[in-house]
Amino acid sequence: MVQVRRWVGIATALLATEVLVAGTAAHAAAPTPDPVQVSVEDAVTAKLRGQVRATAAEHAESSETRVTVTRRNGQWAFGTAVAVTSHEKDVHPTGSIFIARAEAGTWRVNFDGEAGFSELATESPLVNKQEKAVFTRTPSTMQAGGDYRTGMALPFAVGQTWTLTGGPHGWGGSEAPYSSIDLAGGDQVVRAAQTGTAYTMCTGWIRVIHDRGYSTDYYHLWSSISVNGAAVGQGAYLGYTGTDVTCGGAASGRHVHFGLRQNSAYVSIGGHGIGKWAFENGAGPYQGGARHGSTWRGAGGALYNYGALGFNQAVVDANGGGTVNKRGGPGTGYALRGSVGDGATVTVSCSANGTSHAGRYGTTALWNRLSDGTWVSDAYVWSGVNGPVNGWC
């Protein structure tokens, strides 16, 4: 069931309900309040309103909300909540997947990515086995430890080349963080960047929840799938690029608006590796691009989808050179054992400290032992993690 509401009156209704509940609790002889006296739609709407205000999305203040309860069983409810926005340039709708449980005459509501969401998912009879495997992994902030690995491919078929029509920018356009990119071209088929569980937020907008606290959003889709917790593999069909703006925003020319989230919020796509490209923010929205080895592609450039970079892998970045030397040990004092080309994918067995070298991202003494037994300086590879890729030797 879909319930469409305006902001006005929701807070007043909830306050009245809370007063009723508090007054009842103050008199021991009074009966326990019936949880259904508090609408789950109102509770979800109020939480969504607070989230929108927290992100200072002024364009959404007067927008309607669409709360869709897709599953319900007694004291439990599950669904999606979307704050629809206006059809203006550089604005996009916001929304979340929610789990709610009736408690003490009201509803406890948690959105995807929140720690409380994981707790409710563990107990909820509405959450299937596949979803529990993803939801109940406690989210953490990997970036704080210098870990930007995603395990994601670009959101189109591996082996295809699409155009980066818009470099890193906010989900709504110009606001920070620059979580999103625009892509078009190829066969126009949008695919899941990584394995996860998929949900239809609204027409043309799919969210896929992955592991490690990550989720990805895909907007402006045409002929998109209709899903409510379906398991999808990496590369699964989600829809075609389009110009759909059913929930708000604007689109000029068919494309997919691809956004990166972690722990219930949009996060900067800059620094993250997707499709073996390391994305970098620009001085302003839409101005950044991505790097594969020494190859740079800005807005309007062509991105080849190399597939996902493994968590024990790295991409060679010769910093403008054609090759990087491989050694018999962690330092230039060891014998030369051949070379590896710029942009090549290497598998790292373990790491150790050795002689210092300066690369694109600074100076380091860290060296990586490759799967063939040779060593390369960490200054000349990009792995998405600041430190040992696969533990110490």
Side-chain angles (χ1 to χ4, degrees), residues 137 140 142-143 145-161 191-196 210-214 216 233-235 260 262 269-280 289-297 303-330 337-354 357 359-362 364-393:
R137 294 172 183 165
S140 61
M142 270 70 76
Q143 293 94 321
D147 190 343
Y148 291 80
R149 294 174 291 184
T150 66
M152 297 179 189
L154 286 166
F156 52 88
V158 173
Q160 285 194 11
T161 299
R191 300 181 180 277
Q194 188 195 21
T195 297
H210 314 289
D211 58 9
R212 295 166 61 82
Y214 284 112
T216 48
Q234 190 170 69
L260 182 68
Q262 190 178 38
I269 200 169
H272 286 92
I274 301 175
K276 298 187 181 178
W277 291 87
F279 283 86
E280 297 179 18
R291 189 181 303 280
H292 175 81
S294 295
T295 300
W296 170 259
R297 294 286 186 268
L303 296 185
Y304 179 86
N305 191 1
Y306 294 93
L309 185 68
F311 290 104
N312 64 340
Q313 292 184 322
V315 176
V316 175
D317 183 348
N319 199 15
T323 61
V324 170
N325 288 333
K326 299 193 293 184
R327 300 282 177 173
R337 294 288 179 83
S339 63
V340 59
D342 182 77
T345 300
V346 294
T347 300
V348 178
S349 299
C350 56
S351 302
N353 286 320
H357 294 274
R360 187 182 307 281
Y361 303 103
T364 180
L366 190 68
W367 282 69
N368 300 307
R369 186 177 187 273
L370 306 184
S371 56
D372 65 0
T374 62
W375 294 76
V376 296
S377 169
D378 196 63
Y380 300 112
V381 299
W382 189 94
S383 63
V385 58
N386 297 329
V389 180
N390 196 22
W392 296 97
C393 294

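For the single chain, residues carry numbers from 1 onward in sequence order.
Under the 4.5 Å side-chain criterion, counting only non-hydrogen atoms from C-beta, N319 is in contact with R360. For the pair R369 and W375, the minimum side-chain heavy-atom distance is below 4.5 Å. For the pair W392 and L366, the minimum side-chain heavy-atom distance is below 4.5 Å. Annotation: side chain of V376 is not in contact with side chain of V316 (no heavy-atom distance under 4.5 Å). Side-chain contact between T150 and Y214 is present, with at least one heavy-atom pair separated by less than 4.5 Å.
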**Item:** M152 and H272: CA distance, side-chain angles, deciding distance, side chain to side chain contact (heavy atoms under 4.5 Å, CB included) verdict
**Value:** CA-CA 10 Å; M152 297 179 189; H272 286 92; over 6 Å; no
**Message:** Determine whether V158 and Q234 satisfy the following criterion, side chain to side chain contact (heavy atoms under 4.5 Å, CB included), listing intermediate values before the conclusion.
**Reply:** CA-CA 10 Å; V158 173; Q234 190 170 69; over 6 Å; no
**Prompt:** Stepwise, does the side chain to side chain contact (heavy atoms under 4.5 Å, CB included) test hold for V324 with S339?
**Reply:** CA-CA 5 Å; V324 170; S339 63; over 6 Å; no
**Request:** List the steps, then state whether salt bridge (charged side-chain N to carboxylate O under 4.0 Å, His left out) holds for D147 with R212.
**Result:** CA-CA 11 Å; D147 190 343; R212 295 166 61 82; 3.2 Å; yes
**Request:** In sequence, state the C-alpha distance, the side-chain angles, and the governing distance for V340 and K326, and then conclude on side chain to side chain contact (heavy atoms under 4.5 Å, CB included).
**Result:** CA-CA 7 Å; V340 59; K326 299 193 293 184; 4.3 Å; yes
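The backbone N or O of V389 lies less than 3.5 Å from a partner atom in the side chain of R149, making a donor-acceptor pair. For W277 (side chain) and Y304 (main-chain N/O), a donor-acceptor pair under 3.5 Å exists by modelled atom type. In this structure, the side chain of S294 does not engage the main chain of D317 through any donor-acceptor pair within 3.5 Å. Judged by distance alone, with hydrogens and angles left aside, the side-chain atoms of N390 form a donor-acceptor pair with the main-chain N or O of V348 at under 3.5 Å. Put simply, the side chain of N368 never gets that close to the backbone of L370: no donor and acceptor are under 3.5 Å apart.
In this structure, a donor-acceptor pair under 3.5 Å is absent between the side chains of T323 and D342.
Separation of the H292 and W382 ring centroids does not fall under the 6.0 Å cut-off.
Between the OG atom of S371 and the CG atom of N312 there is a distance of 8.5 Å, given to the nearest 0.5 Å. To the nearest 0.5 angstrom, Q194 atom CD is 8.0 Å from T216 atom OG1. With values rounded to the nearest 0.5 angstrom, L309 atom CG is found 6.0 Å from K276 atom NZ. Separating the CZ atom in R327 from the OG1 atom in T374 is a distance of 11.5 Å, to the nearest 0.5 Å. Note that the CG atom of L260 and the OH atom of Y148 stand 11.5 Å from one another [nearest 0.5 Å]. To the nearest 0.5 Å, the span separating CD1 on I269 from CD1 on I274 amounts to 4.0 Å.
For the pair Q313 and S383, the tightest heavy-atom approach, listed with the atom from each and the gap, is O-CB, 3.7 Å. The two residues W296 and A290 have their closest heavy-atom pair at CE3-O, 3.3 Å. In plain terms, the two heavy atoms of V381 and A314 that are nearest each other are CB-CB, 3.9 Å. When all heavy atoms of G362 and A379 are compared, the closest pair comes out as O-CB, 4.4 Å. Scanning both residues, A192 and G233, for their nearest heavy atoms gives CB-O, 3.6 Å.
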